[in-house]
Amino acid sequence: MSLVASFGLARGTLSLDVELAVRQRETLALVGPNGAGKTSFLLAVAGLLPVDRGSIRFGDQVLDGGPAGAFVPPERRGVGFVFQDHLLFPHLTALDNVGFGLRRRGLPRAEAREAARDWLARVGLAEQAASLPGELSGGQAQRVALARALALEPRILLLDEPLAAVDASSRLELRRDLLRHLHDFDGVRILVAHASVDAFAIADRIAVLEAGRIVQQGSVADICRQPRTRYVADLVGLNLFRGDAADGVVSVDGGGRLLVADVRAGPVLATVHPRSVALFRARPDGSPRNVFEAPVLALEPAMDSLRVRLGGPLPLVAEITPAARADLQLAIDQRVWVAIKATEITVWPA
């Protein structure tokens, strides 16, 4: 069965208007800038935020049909929710936190504790059964929250930035464990992720939410190959330009132009990888068809490189090696020459 969400709602200054379908055994990652409506979408699916129009359906069942339609209460939707900040009961042990929902369903105490103990073992926390939440690390607390959600055998699993509160040393291990548990989960899975590496490593499909609207969705490969907004381009680490193409020239919105190898005509999007942007102190000789001057706006150290933000009619980011940085002796407000080969620019219809 699929979850089909086609609804709108208003919450403060946010106007959320989305259409999404998620298949059974599919993991969808919902990404977007802060305030885009990602958590509000999860709350609506969970029944914690009623929709103003449209509907949310799971298979043939209407979970929320809007103000005049059917509404299934949160506790009857079969939804498991893992919140960003865990929301564990501070006065209950890890074991009792996992068993809480089972007890609320009427399961006898002994059976609930046995099931909870089994789930703690599955997430690698059998030895922390008697620990209070305050005695657990961020990663351990998130595993307890995941076990609590999965113990209820939900049809839909919602995870709101489950790796956000985890330190860097635990992040990789928790991501790997989360991927394994999601693979074993038979229902619909929706993950809100802030870091692109989490979304790309875990999800089968990505949906990008900006200002309450889905602006792009597809596989990780689709998103990385053809980003459609500035936010998505930044997410996947590409420079993005929008403009009109004619005779091998893209006239970029806002000014500037790019000479490209593609000869298509009409509205287009064009991307350039930061590593394909070469910088020089003096005008370069050679074959690049795109050569222009630009001011240095910012210098951002990366893992094994330096990201240089450039201004001018064609604002973009270049990624250079430490050796190139030493040769260029870059500084803020310095002007440099930029060279981009036409064959390094990817163009497709807007």
Side-chain angles (χ1 to χ4, degrees), residues 1-87 100-102 104-106 145-146 148-162 164 182 185-194 199 202-218:
M1 289 190 291
S2 295
L3 174 76
V4 179
S6 178
F7 69 86
L9 63 83
R11 188 186 192 194
T13 59
L14 172 68
S15 176
L16 186 62
D17 192 352
V18 297
E19 289 192 16
L20 271 179
V22 190
R23 300 184 304 273
Q24 187 172 5
R25 296 195 59 78
E26 179 184 33
T27 301
L28 175 79
L30 193 61
V31 302
N34 291 337
K38 303 183 298 295
T39 297
S40 294
F41 177 85
L42 295 188
L43 293 174
V45 172
L48 300 174
L49 194 61
V51 306
D52 296 332
R53 58 190 178 278
S55 66
I56 301 173
R57 297 171 176 267
F58 184 72
D60 295 330
Q61 183 183 25
V62 177
L63 301 180
D64 190 338
F71 182 83
V72 178
E75 65 274 12
R76 292 174 47 204
R77 292 196 178 194
V79 172
F81 205 135
V82 179
F83 294 89
Q84 177 181 340
D85 50 0
H86 323 309
L87 293 186
F100 180 83
L102 297 172
R104 288 288 300 271
R105 282 189 175 179
L146 179 62
R148 181 175 62 181
L150 291 174
L152 295 173
E153 299 181 346
R155 304 180 299 175
I156 302 166
L157 182 63
L158 308 176
L159 304 104
D160 190 6
E161 299 197 36
L182 290 179
F185 177 67
D186 199 42
V188 166
R189 318 137 183 170
I190 303 176
L191 164 81
V192 164
H194 180 71
I202 293 173
D204 301 309
R205 187 160 55 93
I206 308 291
V208 184
L209 188 65
E210 295 187 44
R213 306 294 187 274
I214 300 295
V215 297
Q216 187 172 2
Q217 59 178 303

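Arg213 contributes atom CZ, which lies 11.0 Å from atom CD of Glu19 (distance to the nearest 0.5 angstrom). The distance from atom CG of Asp160 to atom OG1 of Thr39, rounded to the nearest 0.5 Å, is 3.5 Å. Annotation: the span from Phe83 atom CZ to Glu161 atom CD amounts to 13.5 Å, rounded to 0.5 Å. Annotation: the span from Ser2 atom OG to Arg23 atom CZ amounts to 7.0 Å, rounded to 0.5 Å. Put simply, CG on Leu16 and CG on Leu9 are 4.5 Å apart, with the number rounded to the nearest 0.5 Å.
In this structure, the side-chain contact (heavy atoms from CB on, under 4.5 Å) partners of Arg105, at least two apart in sequence or on a different chain, are Leu152. For Phe185, the side-chain contact (heavy atoms from CB on, under 4.5 Å) partners at least two apart in sequence or on another chain are Leu150, Pro154, Leu157, Arg189.
Contact record, Arg205 with Val22: NH2-CA, 3.9 Å, taken as the closest heavy-atom pair. For Ala149 against Val82, the heavy-atom pair with the smallest separation is CB-CG2, 3.8 Å. The nearest pair of heavy atoms linking Leu209 to Gly212 is CD1-C, 3.7 Å. The minimum heavy-atom distance linking Ala203 with Leu28 is given by the pair CB-C, 4.5 Å.
Side-chain contact between Leu3 and Ile190 is present, with heavy atoms from C-beta onward closer than 4.5 Å. Side chains of Asp85 and Leu87 form a contact here, defined as non-hydrogen atoms less than 4.5 Å apart. Taking the side chain as every heavy atom from C-beta outward, Val188 and Glu26 never approach each other to under 4.5 Å.
Counting non-hydrogen atoms of other residues, nucleotides and ligands closer than 6.0 Å to CD of Glu153 gives a total of 12 or fewer. Atom CZ of Arg104 is surrounded by 12 or fewer heavy atoms from other residues, nucleotides or ligands within 6.0 Å.
Both tests hold for Arg77 against Phe71: distance to the six-membered ring centre under 6.0 Å, angle to the ring axis within 45°.
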Side-chain polar contacts of residues 40-66 - donor-acceptor pairs under 3.5 angstrom, sequence neighbours left out - could you list them?
from: Ser40; atom 1: OG; to: Arg11; atom 2: NH1; distance (Å): 3.1
from: Asp52; atom 1: OD2; to: Ala10; atom 2: N; distance (Å): 2.8
from: Gln61; atom 1: OE1; to: Arg155; atom 2: NH1; distance (Å): 3.2
from: Gln61; atom 1: OE1; to: Arg155; atom 2: NH2; distance (Å): 3.0
from: Asp64; atom 1: OD1; to: Gly66; atom 2: N; distance (Å): 2.9
from: Asp64; atom 1: OD2; to: Val51; atom 2: N; distance (Å): 3.1

Exercise. Start with the C-alpha distance between Asp186 and Arg25, add both sets of side-chain angles, then the distance that settles side-chain contact (heavy atoms from CB on, under 4.5 Å), and finish with yes or no.
Key: CA-CA 5 Å; Asp186 199 42; Arg25 296 195 59 78; 3.1 Å; yes
